[in-house]
Structures are given as C-alpha cells and as structure tokens.
Protein chains: 2
Amino acid sequence: MATIKEVARLAGVSVGTVSNVITGTASVAKRRKERVLRAIQELNYHPNYVARSLKLQRTKMLGMIVSDITNPFFSQVVRGAEEAALKQGYLLLTFNTDDHEERERQVLSVLRSRRVDGILLVVAPSKTKPTHIVETLKAGIPVVCLDRLPPGIAVDSVTVDNVAAARECVRHLIAQGNQKIGIITGSLALATAQQRLLGYEKAMHEANLDVDKRWVRRGDFRSESGYQLGREILQEENRPTALFVSNNLMAYGVLRALDDLGLQCPRDLAIATFDDPAITQVFRPRLTAVFQPAYSFGYTGAELLIQRIESKTTGESPISIRLPTELHIRESSATIFSRPEARGEWETSST
Amino acid sequence: MATIKEVARLAGVSVGTVSNVITGTASVAKRRKERVLRAIQELNYHPNYVARSLKLQRTKMLGMIVSDITNPFFSQVVRGAEEAALKQGYLLLTFNTDDHEERERQVLSVLRSRRVDGILLVVAPSKTKPTHIVETLKAGIPVVCLDRLPPGIAVDSVTVDNVAAARECVRHLIAQGNQKIGIITGSLALATAQQRLLGYEKAMHEANLDVDKRWVRRGDFRSESGYQLGREILQEENRPTALFVSNNLMAYGVLRALDDLGLQCPRDLAIATFDDPAITQVFRPRLTAVFQPAYSFGYTGAELLIQRIESKTTGESPISIRLPTELHIRESSATIFSRPEARGEWETSST
DNA sequence: TTGTACGCGTTATCAA
DNA sequence: TTGATAACGCGTACAA
C-alpha cells in the first residue's frame with residue numbers, strides 16, 4: 001500500500017507538500033498540486049488514518065454500545081447515530097452487551113485502548129454505581145448515555161420522560177374501562193424500568209384503583225420473561241383485564257403466552273406497551289404502544305457527543321436532552337368495555 | 001493518558017520489559033512482572049492500540065457493510081459477525097449503504113484509509129462489475145461477501161441456494177392448490193433477486209403453470225415497493241390467488257396493501273416470502289417463509305475472513321460457503337383449496 | 001533476562 | 001511556498 005513518501009517521490013515534491021495538498025492546511029502552488037494529485041491517483045494512495053490518528057491524538061472513531069442490536073429499537077438508535085457521525089467524519093465501533101455489566105466493563109476498556117474520541121452508551125442494568133463509567137469519564141473520554149441513565153453518575157444524556165409516558169399509557173387503559181391492570185416491568189436495576197413502574201403506579205393511584213401485588217411482575221426486558229410472567233399472570237384466578245408491558249420484546253412474549261393458553265388480545269386481555277417498531281405495525285394485533293423516537297436517540301446523541309469532543313468542554317455540567325414520546329393507540333387495548341364495531345380503524349393520538 | 005514509558009518509569013524497568021509483560025512475547029522475572037502489573041493498575045494504563053496498529057501494520061478491525069441494519073435480517077448478520085470477531089480480538093466498524101452503490105464505494109474507500117484488516121460485505125445492487133470491490137481486493141484487503149454475490153468477481157462468500165429455496169417455496173404454494181401465482185422480486189441487479197425469480201419460474205414451469213406477465217413485478221426489497229406492487233397486482237381483474245414475495249420487507253408492504261383494500265391473508269391471498277425474523281412470528285398472520293440463518297451468515301463470514309487474514313492466503317481461489325435454508329410453513333399460505341380447521345396449528349417442515 | 005534504539009506513516013514546526 | 005525533521009506510542013531487533 002502506497003505511503004505519502006512514495007507519492008512525494010513520484011510527484012517530485014516533499015512529503016510536507018503532499019500533506020498540505022491532502023489536508024488543505026497550507027496553500028500549494030497550482031502546478032505542484034496537480035502533480036501531487038496525479039501521483040495520488042496513479043498510486044491509488046489512501047492516507048493512512050492510523051498514522052494520522054497517532055500524530056493527531058484523535059481517531060475520529062466513536063464507541064457505540066447497546067444491549068442488543070437485534071432489538072429493532074436499538075438498531076434504529078444505531079442507525080441514527082451512524083448518520084450523524086458519518087456526516088461529521090466519525091466512524092462507529094459498535095458493540096452489544098446483552099445487558100451484562102461485565103461485558104460493558106470489558107467493552108469500555110477495549111474502547112479506551114482504541115482511543116475512541118467518545119462513547120455513546122446504553123448502559124446495562126446495575127445495582128451499584130458503575131465505576132467503569134466514572135473512570136472512563138475521568139480519563140477524559142466524553143460519554144453520552146442514551147435512553148437509560150446510570151445510577152449516581154452525572155453524565156450527558158438523551159432520554160424520554162418515562163414516568164409521564166407510562167402514566168399516560170396506563171391512563172388510557174383505565175379510560176378504556178379497565179380496573180384490574182397489571183404490569184410487567186424490566187429489571188429494576190434500570191432507571192427506565194423503575195420510571196415506567198412509577199408511571200403505572202401514579203396512574204393507578206390517582207384513579208383510586210387497587211394494585212394487586214400479584215399483578216406486578218418483574219421481567220428483564222427480554223421476550224422470554226414476558227412469556228413466563230404473562231403465563232403466570234394469566235393463570236391467576238383473579239387475573240387483570242389489561243396489562244401494561246414495559247417494553248416491546250416482553251409484549252411479544254405475552255402474546256405468545258396468550259396464544260399458548262388459547263386466549264386472544266384484546267378479547268381476553270388488553271395490552272399496551274413501550275417501543276413501537278414500524279415492522280410490527282402491519283401485523284395483528286396492532287399494539288397500542290408508547291412510541292419513542294429511536295432514530296433521534298442515536299442522531300441527537302451523536303451530535304451532542306461530537307459537540308463535546310470538538311469543543312473540548314468535558315467536565316462541564318452535564319447536558320440532558322429530553323425527547324418527546326407519542327402514545328399510539330391501536331386495537332390491542334380495545335377492551336370489552338369499549339370496543340368499536342369497525343376493525344383496524346384506530347387513531348393515533350399524540351402528546 | 002498514561003503511556004508505556006510512564007509505566008516503565010514507575011515500575012523501574014525499561015519499556016521493553018513492560019511490553020513483554022503486556023504481550024507475553026518474552027518471559028519476564030516474576031518480581032519485575034508484578035511491579036509492572038502494579039504500575040499498570042496504578043496508572044490505569046490502557047495500551048495505545050493506535051500506536052500498536054501502526055507498528056504492527058494491522059488494526060484488528062473489520063469493516064462490516066450491510067444495506068440496512070434496521071432490517072432484522074441484517075441486524076442478525078451483524079450480531080453474528082460481532083460475536084465471531086470479538087472472540088478473536090477483532091472489532092467491527094459498521095456501515096449502512098441503503099443499497100446505494102455510490103455509498104458503498106465511499107465506505108470502501110474510508111475503510112482502506114482506516115487500514116481495516118478485512119471487510120464483510122453485503123453488496124449493493126449493481127448493473128456493472130463493481131470496480132471498487134475489485135480494487136479493494138487488488139490492494140490486498142480480504143473481502144468476504146455475505147448473502148449476495150457481486151457480478152463478475154471471484155471472491156470469498158457465504159450464501160444460500162436461493163434458486164432451490166425459492167423453488168421449494170413456490171412448490172409449496174402450488175401444492176396448496178394455487179395455480180395463479182405471482183411474484184414480487186427485488187432489484188434484478190441483485191443476484192439473490194434473480195435467483196429467487198429463477199426458482200419461481202422453475203417451479204411454475206415444472207408444474208406446467210402459466211405465468212401471466214402481470215403477475216411478475218419488480219420491486220426493490222423495500223416495504224414501500226411491496227405495498228405499491230401488491231396494490232397493483234391485487235387490483236388486476238385476473239389476480240393471482242397466491243404471491244411469492246422475495247423478501248420480508250416487501251411482504252410487510254403487501255400485507256399493508258391487503259389491508260387497504262379490505263382483503264385478508266390468507267383468505268383472499270396466500271403469501272409466502274423470504275427471511276423469517278423471530279420478532280414477527282408472534283403476530284398474525286404468521287408468514288410462511290424461507291428461513292435463512294442470518295446469524296450464521298455473519299458468524300461464518302467473520303470466521304472465514306479472519307482465517308484469510310491470519311493465514312495470509314489472499315489471492316488463492318475463492319472459498320464459497322453454502323448455508324442451509326428451511327421452509328417454515330405457516331398460516332399465511334393456507335389457501336381456500338386446503339385450509340385446516342384449527343387455527344394457529346402449523347407445522348414447520350424443513351429441508 | 002534486560003535495556004536501547006529504530007521505524008511504522010503522519011502532521012506540524014521551523015528555516016530557507 | 002517549500003523541504004527537512006521532530007514528535008506521536010508502541011513493538012522488536014539486537015546488544016549487553
């Protein structure tokens with residue numbers, strides 16, 4: 001692979017001149033410039049970004065850590081981040097943690113060795129303050145947390161108001177006539193899961209509705225837990241008429257559980273959930289869900305991160321960006337108490 | 001950020017010794033080793049991989065290019081690739097091309113500048129031989145093509161037998177009693193799209209069934225084209241009773257079209273398709289689909305690529321790996337001619 | 001077994 | 001405007 005030296009020799013100029021042509025930092029005489037360009041073409045020269053990174057002490061690479069890119073919500077986040085990053089010449093190094101804190105720790109270490117300029121992070125569940133994140137910050141590497149906030153750490157972030165969104169969602173279930181409403185939460189080591197539970201409790205409380213302990217089940221945001229807990233709840237002798245499921249994957253699990261038990265949604269159980277991937281919207285039952293702007297999570301996060309990087313303002317007080325959500329009301333929450341005649345004609349209300 | 005020099009100074013040894021401790025290339029006296037380890041700990045030293053890459057002339061980074069990570073098929077591919085790569089210490093630099101050849105060209109150029117050790121590539125549609133791929137190969141960068149083969153280029157690859165899979169799938173539609181069967185293809189600039197069309201034609205031909213030209217529509221593997229073409233076909237006066245849709249996204253579009261027209265699957269139209277993301281399997285209608293081992297595409301591809309990289313055998317004759325597919329038969333292809341009484345009880349036959 | 005010195009390909013500084 | 005040269009941080013001969 002050709003080096004800048006070879007280009008310089010072929011063009012009959014010094015390496016400094018070639019560098020100036022490439023980066024455009026200093027002006028170069030027109031004739032020499034042309035000679036250099038021709039040599040670059042001829043040798044099919046591609047500047048060595050590794051060497052440049054070493055010299056400049058920045059790599060123009062961003063770490064992108066999500067729990068599972070296979071979840072349509074996160075693949076959208078990544079997509080958004082890539083778009084914003086690429087636009088400014090940054091590349092994405094992506095990783096999945098499957099929500100394992102240990103894996104997150106390893107990835108963070110790798111990323112520090114790779115000298116990425118910054119990190120976009122969807123944190124894994126953690127009971128205690130994740131020291132590896134603190135240390136990354138302390139090392140001067142900007143981190144922007146997406147969707148979830150790590151406990152006890154002041155860090156830039158892009159989030160939504162989970163409490164309000166969950167509350168609105170459960171309110172809707174109540175408005176549909178449901179009184180016995182259950183919830184399947186994510187791991188309570190995750191801020192988002194806690195907040196959605198809180199929103200649920202608020203809505204129930206302000207409507208003076210009892211919350212039976214057995215209707216509150218704790219999952220882990222994965223499909224299998226939705227399935228298991230769904231089965232359990234549905235087999236209670238006093239089962240709820242509606243279920244608020246804290247994320248999409250678990251809602252899919254609940255649907256499977258319904259199917260197993262010969263039950264149907266919404267006939268036997270109303271369902272409302274979080275996350276609203278376009279891909280599922282064409283199938284039945286259409287899920288009532290809190291839509292989160294997944295793409296914007298990534299895009300906005302990357303923009304914020306790059307701004308931090310380039311303005312060298314790490315250590316300032318954290319910036320937290322709040323994105324809006326929308327409650328998309330569809331057939332899965334149409335209960336026995338209020339079921340329109342028409343099928344498939346549901347409106348999309350927003351907030 | 002600490003350097004190897006500082007570690008050496010703190011431990012009271014030379015940089016060579018520190019390097020030996022880190023890489024394990026030469027043995028170091030136990031006591032000194034401990035001192036070094038302690039110094040590393042204390043300084044929170046993370047070896048500079050940029051410098052190492054420059055010295056070693058390899059980055060332990062792989063380029064991963066897909067059309068759209070938002071498509072569950074490709075997110076699985078990426079996931080598999082990451083798993084295999086990480087296991088051997090390689091990192092993934094991921095990119096989406098949205099099937100634009102120009103974008104692919106740019107990304108390839110960036111990747112060469114970044115000095116990635118190899119590239120996993122899902123090629124974009126291309127009418128002519130993509131010279132940028134040839135040149136990447138010529139530059140000595142191993143490339144493994146996933147899922148699709150670029151026209152006229154001998155390159156390592158991981159694919160499935162699209163012709164056979166499509167044929168089996170259409171045969172199934174025929175066996176269900178359908179005689180008027182249409183197809184929505186992807187861009188015929190894509191090998192996979194061509195092959196699936198070919199499989200369709202073979203199945204129709206060997207069953208002595210006519211193929212009405214108006215039943216053969218050319219999409220682009222995106223949902224919107226499935227919707228548009230689905231509408232067109234369904235509004236023909238002599239419309240088919242079954243449709244073979246060449247990929248998942250377009251199938252979702254067709255479902256939407258059905259809905260718009262007040263029709264239902266499978267009552268008014270049987271559907272069979274390609275790709276079979278787990279996420280959709282819990283919804284109705286459950287789609288009959290050719291399952292492709294998406295995760296394995298990535299995993300196997302990365303393994304093959306790394307083997308190429310580490311054995312330095314670029315330029316040898318290309319290796320092509322064929323992965324098996326499975327036809328998953330579900331309710332979407334249950335036609336009026338053969339419809340079991342039970343709902344939701346469909347078997348999964350495989351080949 | 002340990003230390004020294006060179007080079008990887010750039011960019012930036014400085015003198016010409 | 002141009003050319004020569006010193007870093008950037010590391011791994012690895014080679015010498016000790």
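Since the model is a prediction, treat every value here as computed from it, not as a measurement. Letters go in sequence order (proteins before strands), and every chain restarts at 1.
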In whole angstrom, what separates [X]'s [atom1] from [N]'s [atom2]?
X       : N      : atom1 : atom2 : result
A:Ile4  : C:dA12 : CD1   : P     : 11 Å
B:Leu43 : D:dG9  : CG    : C1'   : 15 Å
A:Met1  : C:dC8  : CE    : P     : 16 Å
B:Arg35 : C:dT2  : CZ    : C1'   : 12 Å
A:Asn20 : C:dG9  : CG    : C1'   : 16 Å
A:Arg58 : D:dG9  : CZ    : C1'   : 17 Å

*Answer yes when B:Asp98 and B:Arg222 have at least one side-chain N-carboxylate O distance shorter than 4.0 Å, and no when they do not.*
no
*Option among B:Phe221, B:Tyr295, B:Phe297 that satisfies the ring-ring contact (aromatic ring centres under 6.0 Å, His included) test with B:Phe73*: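 With B:Phe73 as partner, ring-ring contact (aromatic ring centres under 6.0 Å, His included) holds for just one option, B:Phe297.
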Please check the phosphate of [N] (OP1 and OP2 only) for any side-chain N or O of [X] closer than 4.0 Å.
X       : N     : value
B:Arg32 : C:dG3 : yes
A:Thr17 : D:dT2 : no
A:Gln57 : D:dG9 : yes

*How is B:Ser19 classified with respect to the nucleic acid when contacts are heavy atoms under 4.0 Å: base, sugar-phosphate, or nothing?*
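The answer is base, as B:Ser19 lies within the cut-off (heavy atoms under 4.0 Å) of a base atom.
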Going by atom types alone, do [X] and [Y] pair a side-chain donor with an acceptor below 3.5 Å?
X        : Y        : result
A:Ser187 : A:Asp220 : no
B:Arg112 : B:Thr136 : no
B:His46  : B:Asn48  : no
B:Thr25  : B:Thr23  : yes

*Pairs where residues 84-97 of chain B contributes a residue and the test salt bridge (Lys or Arg N to Asp or Glu O under 4.0 Å) is met, not counting sequence neighbours*: none
Where the side chain of [X] is defined as all heavy atoms beyond and including C-beta, which of [options] is the nearest nucleotide?
X       : options              : result
A:Ala29 : D:dG3, D:dT1, D:dG9  : D:dT1
B:Val15 : D:dC10, C:dT2, C:dT4 : C:dT4
A:Ser14 : C:dA12, D:dA4, C:dG3 : D:dA4
B:Thr25 : D:dC8, C:dG9, D:dT12 : D:dT12
A:Val28 : C:dG9, C:dT2, D:dT2  : D:dT2

*Listed by chain and number, what are the side chain to side chain contact (heavy atoms under 4.5 Å, CB included) partners of A:Ala191, not counting sequence neighbours?*
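With neighbours one apart ignored, the set is A:Gln195.
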*Residues that A:Leu37 engages under side chain to side chain contact (heavy atoms under 4.5 Å, CB included), provided they are two or more places apart*: A:Val21, A:Lys33, A:Ile40
*Looking at DNA chain C, which of residues 45-55 of chain A put a heavy atom within less than 4.0 Å of it?*
A:Tyr45, A:Pro47, A:Asn48, A:Ala51, A:Arg52, A:Lys55
*End-to-end bend of the helix from C:dT1-D:dA16 to C:dA16-D:dT1 (five-pair axes, 10° rounding)?*
40°
*Sequence-distant partners of B:Ser126, side chain to side chain donor-acceptor pair (under 3.5 Å), two or more places apart*: B:Glu101
